[in-house]
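Structure, as structure tokens:
Everything numeric in this text was worked out from a predicted model, so none of it was measured.
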Amino acid sequence: MQAAVRDGIRRSGLSVLRWSEAALALRERLAFCHAHLGSPWPAADDEALLADLDGWLGTELASVRGTRDLARIDVASALRRLMPWPAAARFGELAPERLRVPSGSEVRLAYDGVEPPVLAVKLQEVFGWTATPAVADGRVPVVLHLLSPAQRPVAITSDLASFWKQGYPQVRADLRARYPRHPWPEDPLTAVPTKRVKPRQ
């Protein structure tokens, strides 16, 4: 029975499992660590996971009798078995789920395997941030998607210092009349970061 279950997963692929948002996010973070830090972080692509089913799914597969049982497996918990010890203790530091921005907000990072993670955050929340944040022990700068008050990207950059000097003046000129209740200071490096709007006059 167990051999048949493993063969079935290898033939049909990992899509037979129920991948929650948490499991997908964890897999992307593991793939990021493998791509940018290498050993001891394992690969998390389909080929690697299918080749090591016993290593991360062995316990759950022992009780599988059909496709319904496969759908009940907590894939995120199973993936955590791939984390190498003691490096796993720094996983949240190397590939954090969220970053604290100058306004105090904890903003989620979006990972896509080998690509640098994306931080989509309202422009006014990062006033005063002089350097682009980096992850993976400072090796990988985050890609900042700086958002307008309408939550649309007004700039995409991995060089925040250059954006403040070259890109921000144009963004300010374009948007301050359209969004007058939001601060558009001439000097964003000394402005107070905020996620709030100005009170109505």
Side-chain angles (χ1 to χ4, degrees), residues 9-10 13-15 17-58 60 73-123 125-147 151 153-168 193:
I9 295 174
R10 292 189 179 103
L14 295 171
S15 60
L17 302 172
R18 185 175 60 82
W19 289 84
S20 64
E21 287 187 15
L24 290 170
L26 177 59
R27 184 182 184 183
E28 295 295 351
R29 291 167 69 202
L30 284 169
F32 171 81
C33 285
H34 175 72
H36 294 279
L37 299 172
S39 179
W41 295 98
D45 57 273
D46 281 12
E47 182 179 357
L49 293 179
L50 288 170
D52 188 28
L53 286 176
D54 286 332
W56 64 287
L57 270 183
E60 284 80 359
I73 292 175
D74 184 343
V75 177
S77 293
L79 282 174
R80 290 188 179 279
R81 295 195 188 102
L82 291 173
M83 292 189 187
W85 188 259
R90 297 190 62 221
F91 185 56
E93 176 187 344
L94 298 170
E97 284 188 88
R98 296 176 178 272
L99 282 184
R100 179 180 288 274
V101 299
S103 67
S105 296
E106 297 276 349
V107 183
R108 184 178 295 278
L109 280 167
Y111 289 85
D112 185 15
V114 302
E115 299 299 323
V118 170
L119 185 74
V121 60
K122 185 179 169 185
L123 174 61
E125 294 202 55
V126 298
F127 288 157
W129 225 359
T130 57
T132 306
V135 292
D137 269 343
R139 300 181 192 185
V140 183
V142 168
V143 178
L144 292 163
H145 286 207
L146 301 174
L147 308 178
Q151 299 297 304
V154 296
I156 296 174
T157 183
S158 291
D159 187 348
L160 195 54
S162 291
F163 167 74
W164 291 133
K165 291 178 182 177
Q166 301 171 13
Y168 175 75

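In this structure a side-chain-to-backbone donor-acceptor pair under 3.5 Å is present from Asp45 to Glu47. In this structure, the side chain of Asp112 does not engage the main chain of Glu115 through any donor-acceptor pair within 3.5 Å. Remark: the backbone N or O of Leu26 is not paired with any side-chain donor or acceptor of Tyr111 at under 3.5 angstrom. Between the side chain of His34 and the backbone N or O of Trp41 there is at least one donor-acceptor pair closer than 3.5 Å.
Using a 4.5 Å heavy-atom cutoff, the side chains of Leu14 and Arg27 are in contact. Side-chain contact between Leu160 and Thr130 is absent, with no heavy-atom pair separated by less than 4.5 Å. Val101 places none of its side-chain heavy atoms less than 4.5 Å from the side chain of Pro133.
In this structure, CG on Leu119 lies 11.5 Å from CZ on Arg108, to the nearest 0.5 angstrom. Interatomic distance, CG of Leu94 versus CZ of Arg139, reported as 8.5 Å (0.5 Å rounding). Atom CD1 of Ile9 is separated from atom OG of Ser15 by 10.5 Å, given to the nearest 0.5 angstrom. Note: His145 NE2 to Ile156 CD1 = 4.0 Å, rounded to the nearest 0.5 Å.
Within 6.0 Å of the CD atom in Gln151, the count of heavy atoms belonging to other residues, nucleotides or ligands exceeds 12. With a 6.0 Å radius and a threshold of 12 heavy atoms from other residues, nucleotides or ligands, Glu106 has its CD atom above the threshold.
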Test log, rule side-chain contact (heavy atoms from CB on, under 4.5 Å), inputs Val154 and Tyr168: CA-CA 9 Å; Val154 296; Tyr168 175 75; over 6 Å; no
Test side-chain contact (heavy atoms from CB on, under 4.5 Å) applied to Val143 and Val118, step by step: CA-CA 5 Å; Val143 178; Val118 170; 4.2 Å; yes
Chi angles and distances behind the side-chain contact (heavy atoms from CB on, under 4.5 Å) call for Leu109, Val135: CA-CA 10 Å; Leu109 280 167; Val135 292; 4.3 Å; yes
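For the side-chain contact (heavy atoms from CB on, under 4.5 Å) with Phe163, the lone residue among Leu144, Val126, Leu123, Thr132 that qualifies is Leu123.
Of all heavy-atom pairs between Leu50 and Arg10, the closest is O-NE, 3.3 Å. Counting all heavy atoms, side chain and backbone alike, Pro84 lies closest to Pro40 at CG-O, 3.4 Å. Shortest non-hydrogen contact noted between Ala88 and Met83 is CB-CB, 3.6 Å. Shortest non-hydrogen contact noted between Ala44 and Leu49 is O-CD1, 3.4 Å. Contact record, Ser105 with Glu125: OG-OE1, 2.6 Å, taken as the closest heavy-atom pair. Between Leu99 and Pro96 the shortest heavy-atom distance is CD2-CG, 4.0 Å.
By the 30° and 60° cut-offs, the orientation of the rings of Phe32 relative to His36 is tilted. In this pair, Phe127 and Trp164 present their aromatic rings tilted. The plane angle is within the 30 to 60° band.
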